[in-house]
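Working notes, structure below.
Order of the sequence lines fixes the chain letters, A, B, ..., with proteins taken first and strands second; residue numbering starts at 1 for each chain. We use all heavy atoms of the structure for the numbers below, so side chains are in, but hydrogens, waters and symmetry mates are not. Predicted model only: the values in this text are computed from it and were never measured.
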Amino acid sequence: MEKGLISVDRWTGHSQAYFLTHLHSDHTQGLSSSWAKGPIFCSRLTAKLFPFKFPGFNLSLLRLLPIGTWHSISLVSPSSGSSSTLQVMPIDAHHCPGSVMFLFRGEFGCLLYTGDFRWETTSKRAEIGRTMLLNALKDDVVDILYLDNTYCNPSYAFPSRAIVAQQVIDIIVSHPEHDIIIGIDSLGKEDLLLHISHELKIKIWVWPERLQTMHLLGFHDTFTTKTSLTRVRAVPRYSFSVETLEGLNTMRPTIGIMPSGLPWVVRPLENGDKLFGSLLTSRYNRSKWSGNGGNHTEKPNGNLGSVEKFHKYIYSVPYSDHSCFAEIEDFVKLVLPTNMKGIVSSSSCYVDPLYYFGRLCGAYQSAQSLPHNKRKERVERLLAVNNKNTFRCGASAGLERKRAMTVKVKNSGIHVSRMSALRRKKRGAKIEENDRPN
DNA sequence: GCGATCAGTT
DNA sequence: CACAACTGATCGC
């Protein structure tokens, strides 16, 4: 079976060029310090952060692509030996530092791979990104849009990060005598922390490795590893728990703030436009929260909008680095691709973006009715993408995936996974199964 | 030691 | 219940 000439966020196969959208670990599975299969194309900031994540990596493999400009890459078809030129433009994805989308064009047509992205309409930076994309697309039709469909369901609605950042300020200001703990990952949410620091004129504690990352990002004055300098600390999300907060509160009054992409599901039939979400595990829900009567229902901060207090020490705020449904819709309307695919299929509930946005695709009907779309097949032979979205597997893996295949629920657009819980994790089995003629 | 896979965490 | 992102154990080489 012919392998893809290029790979996006996919590191286990063999390609001639590899593209990295950003440095979160679910996009670098298979990448390591000793990985050396070929050139990696990424943004300048990702390249700067790269050696910190993969010390000892052969940096001569990295190819920096300035954002917003086209670059040509020569590829050679392994089967025919003929060479072709691929053009690629990285575009700011507004997901985390260094994150980009990749716009490709070549003999195969025009592809846009968003990686993880947030498409806010309010900020200056978002406006620049929108203009950049429109300029890049002005002479092209996107044949296939590979879309971050993490929250591709109208149930997912949350405000812009700027609004939520202000909500976080309100929480902190309303607790002047408390220490503040904020859960973050190894990359991302820097803008939130900078906003807090700027508004409240305080430094923010981070753990030592995170301080190094902050320095690499160019933030030299805002962050500290000295706890005595500030009451606001950003801690690893995996060390942020109810138990942690309860332990801290035996020493000093402390509240936790979790900026989370957890589902902020609109429940129109319940409490009007109130937003609900949860950062609590089911274990905790059963064992402690429900047993603690009434505490979580008090609303000491009536003006916090969708902020939800789940625990006497913990606030969850809908600060998401992925696009909400309305933003995905805006994006699709802007790009108007001929066809599209979701790149996230790890959930037990996969929503095909075509269900919601298919009518926006110019050639959607014809693409669906044609038994063989030659152009699409050419495209798919060229491009191998990450394991959330693999189009190519060996024959035996293909058989396995037949068994684990998803089932399309008629008229719902929701594919209910039949994978066992064991096999459910990020197998990327869903997308191409529905594209292949049987 | 390394990569792949799985289990488990918030 | 759910998510994205992450850590850590284990296994085969």
Atom-pair distance ([atom1] on [X]; [atom2] on [N]), nearest Å:
X: A/Asp321; N: C/dA4; atom1: CG; atom2: P; answer: 12 Å
X: A/Asp116; N: C/dC3; atom1: CG; atom2: C1'; answer: 12 Å
X: A/Lys37; N: B/dC2; atom1: NZ; atom2: P; answer: 16 Å
X: A/Lys189; N: C/dC3; atom1: NZ; atom2: C1'; answer: 11 Å
X: A/Tyr319; N: C/dA4; atom1: OH; atom2: P; answer: 18 Å
X: A/Ile184; N: C/dT7; atom1: CD1; atom2: P; answer: 12 Å
X: A/Trp35; N: B/dC2; atom1: CH2; atom2: C1'; answer: 16 Å
X: A/Arg237; N: C/dT7; atom1: CZ; atom2: C1'; answer: 12 Å

Phosphate-side-chain proximity, [X] and [N], N/O vs OP1/OP2 below 4.0 Å:
X: A/Ser25; N: C/dC6; result: yes
X: A/His95; N: C/dA5; result: yes
X: A/Ser32; N: B/dG3; result: yes
X: A/Thr150; N: C/dA4; result: yes
X: A/His27; N: C/dC6; result: no
X: A/Ser186; N: C/dA5; result: no

Practice problem: Please check if any side-chain donor atom of A/Ser241 sits under 3.5 Å from a side-chain acceptor atom of A/Thr244, or the reverse. | Solution: yes
Practice problem: On the 0 to 90° scale, with breaks at 30° and 60°, tag the A/Tyr18-A/Trp35 ring pair as parallel, tilted or perpendicular. | Solution: perpendicular
Quiz item: In terms of the angle between their ring planes, are A/His220 and A/His215 parallel, tilted or perpendicular, with boundaries placed at 30° and 60°?
Solution: parallel
Quiz prompt | Proximity to the side chain of A/Ser34 - top-ranked nucleotide from C/dC6, B/dC2, C/dA4 | solution = B/dC2
Practice problem: Answer with base, sugar-phosphate or nothing: what part of the nucleic acid does A/Gly183 contact at a heavy-atom distance below 4.0 Å? | Solution: nothing
Self-check item: A/Arg63 atom CZ, over 12 foreign heavy atoms within 6.0 Å
Solution: yes
Quiz item: Is the number of heavy atoms from other residues, nucleotides or ligands within 6.0 Å of NE2 (A/His198) greater than 12?
Solution: no
